[in-house]
2 protein chains.
Amino acid sequence: MSRGWEAIRADVLRRIQAREWGPGAAIPTEEALCREFGCARATVGRALRDLAATGVLERRRKAGTRVALQPVRRATLEIPVIRQEVEGRGQTYAYRLLADVMEQPPLPVLLRLRLPAGVALRHLTCLHSAGGQPFVYEDRWLNPAVPGGQQPDFAAHGANEWLVANMPYDAGDIAFSAAGAGADDAAAFGIDPGTPLFIVERTTWTADTAITCVRLAYMPGYRLRMTL
Amino acid sequence: MSRGWEAIRADVLRRIQAREWGPGAAIPTEEALCREFGCARATVGRALRDLAATGVLERRRKAGTRVALQPVRRATLEIPVIRQEVEGRGQTYAYRLLADVMEQPPLPVLLRLRLPAGVALRHLTCLHSAGGQPFVYEDRWLNPAVPGGQQPDFAAHGANEWLVANMPYDAGDIAFSAAGAGADDAAAFGIDPGTPLFIVERTTWTADTAITCVRLAYMPGYRLRMTL
DNA sequence: GAGTGGTCTAGACCACCAA
DNA sequence: TGGTGGTCTAGACCACTCC
């Protein structure tokens, strides 16, 4: 066995998988484990903290460390920039702006951005292509009142790339769903209305300022993969 | 400002968001920062490691620490047990087994489980309901050769609950997609074939043994939410 | 009250890798 | 080859919470 906190983590995980320590059971204290492994308590703590972060262990002061009774599977999803996702597949990426107008958004968009009725937002629609085929149809509402100065026209480059370069590291939420292609989706992809599409919806703020609200419709058959 | 590594993390993140350190810029070394903050290097390292884990910073030995040029958004998804998801909504959960037969799976299932042609697997279909309405239609292939002894009948409780209790903490992958309801889906939900459904597909192993391969079709309109 | 995990320190050595 | 992050140590104090 190699050394280090990763070796300890692997050994603890092995005992759990071997049911040496069953679900719900308490495992030895950090002090007992660092005596067993012959290392400092901080090293054991590092290993156990990592297992707790992935949901394998549950830790509470005084109560000790237990194997999770119902292992909530946590997985980290890397949300790719569309250009990178396409180029990562070895396909050529292309972007085309379809529309760019100021208008009043529908009520659901206002609610998601927590904006009062009556405000006008910048409404962008564009198409991302992979290898000449439509890949993602983007429908975005952008708050023109965001800080950071003048917004460019998005004729050449997508709003998302401008955002990650100029308004990075903000908070938001994201939702995945399935929906039948609407008229716009069908026109963008050249498919029949009602065709099932994978939909990603994202809303973004910095502090309390609503930035943008975007709906991404992926090409038919798209699959989003993760590893547990 | 409060003390501790979380305060340092917050302060570093604040400077990044304030563009004091712009995307791609190198930030001071750990040693310089721990002099500035008046703490040990390990404490600064803890803060920077956490920011690197969430994709805000990129760290390389000798090259130093830089603000990520293209901040890959990482989000942690907690994959819920269906029963808990339903009960968390305050609805009553119900489960019904629809079929339980041994048969040869179709080729895509064999490939995902990395099994040779000709083997027969246990094929389960069941329906999870929320508040009396169909919620998830489950189509599962289960390897009867898995260790752990006799498998129960799944008349009363779902295979997933048996698995998390008896074969927990294994590896696998997961994929999200959209698909039109097939004949089975349509019958289960009482909807028209072709209705867009949110699909989750999971494959699970322990070590090199294929355990199970499951396709979950969620009720029309279902949304999977995450926070960034 | 007392046991446990959470954190911090000051120092050390090592692995990596750009210069 | 030198600078940087990655890790480990031995010890300490603190925060939480079960008893």
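Per chain, numbering begins at 1; letters A, B, ... match sequence-line order. All values derive from a computational prediction rather than experimental measurement.
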Q.
Can you confirm whether A:Tyr137 sits close enough to A:Leu197 that some side-chain heavy atom of one is under 4.5 Å from a side-chain heavy atom of the other?
A. no
Q) CD of A:Glu30 versus P of D:dA15: gap in Å, rounded? A) 18 Å
Q. Rounding to a whole Å, what distance do you find between A:Ile27:CD1 and C:dT4:P?
A. 13 Å
Counting only pairs under 3.5 Å, give me each side-chain donor-acceptor contact of residues 87-96 of chain B, with atom names and distances, residues two or more places apart or in other chains.
{"residue": "B:Glu87", "atom": "OE2", "partner": "B:Arg83", "partner atom": "NE", "Å": "3.3"}
{"residue": "B:Tyr93", "atom": "OH", "partner": "B:His128", "partner atom": "ND1", "Å": "2.6"}
{"residue": "B:Tyr95", "atom": "OH", "partner": "B:Phe154", "partner atom": "O", "Å": "2.7"}

Q. For every nucleotide of nucleotides 8-13 of chain D, 5' to 3': is a protein heavy atom under 4.0 Å from its base (B), only from its sugar-phosphate (S), or from neither (-)?
A. SB--B-
Q.
For A:Arg223, I'd like to know if atom CZ has over 12 heavy atoms of other residues, nucleotides or ligands within 6.0 Å.
A. yes
(Q) My understanding is that only residues two or more places apart in sequence, or in another chain, count here; which of them pass side chain to side chain contact (heavy atoms under 4.5 Å, CB included) with B:Arg66? (A) B:Ala26
Q. Could you state the CG-C1' distance from A:Leu33 to C:dG5, rounded to the nearest angstrom?
A. 12 Å
Q | Spacing between A:Leu48 atom CG and C:dT7 atom C1', to the nearest angstrom | A | 15 Å
Q: Please list, chain by chain and in numerical order, all residues satisfying side-chain hydrogen bond (donor to acceptor under 3.5 Å, both in side chains) with A:Asp173, sequence neighbours excluded.
A: none
(Q) Rounded to whole Å, how long is the line connecting atom CZ of B:Arg9 with atom C1' of C:dT7? (A) 14 Å
Q) Between the main-chain N or O of B:Gly172 and the side-chain N or O of B:Thr203, is there a donor-acceptor pair closer than 3.5 Å? A) no
Q: Using a cut-off of strictly less than 4.0 Å between a heavy atom of the residue and any atom of DNA chain D, enumerate the qualifying residues of residues 58-66 of chain B by number.
A: B:Arg59, B:Arg60, B:Arg61, B:Lys62, B:Gly64, B:Thr65
(Q) What is the distance, to the nearest angstrom, from the CZ atom on A:Arg49 to the C1' atom on D:dT7? (A) 12 Å
Q.
Nearest whole Å is fine: how far is D:dG6 P from A:Asp50 CG?
A. 15 Å
Q | Side-chain donor or acceptor of A:Ser129 paired with backbone N/O of A:Gly132 under 3.5 Å | A | no
Q.
According to side-chain hydrogen bond (donor to acceptor under 3.5 Å, both in side chains), who are the partners of A:Asn160, at least two apart in sequence or on a separate chain?
A. none
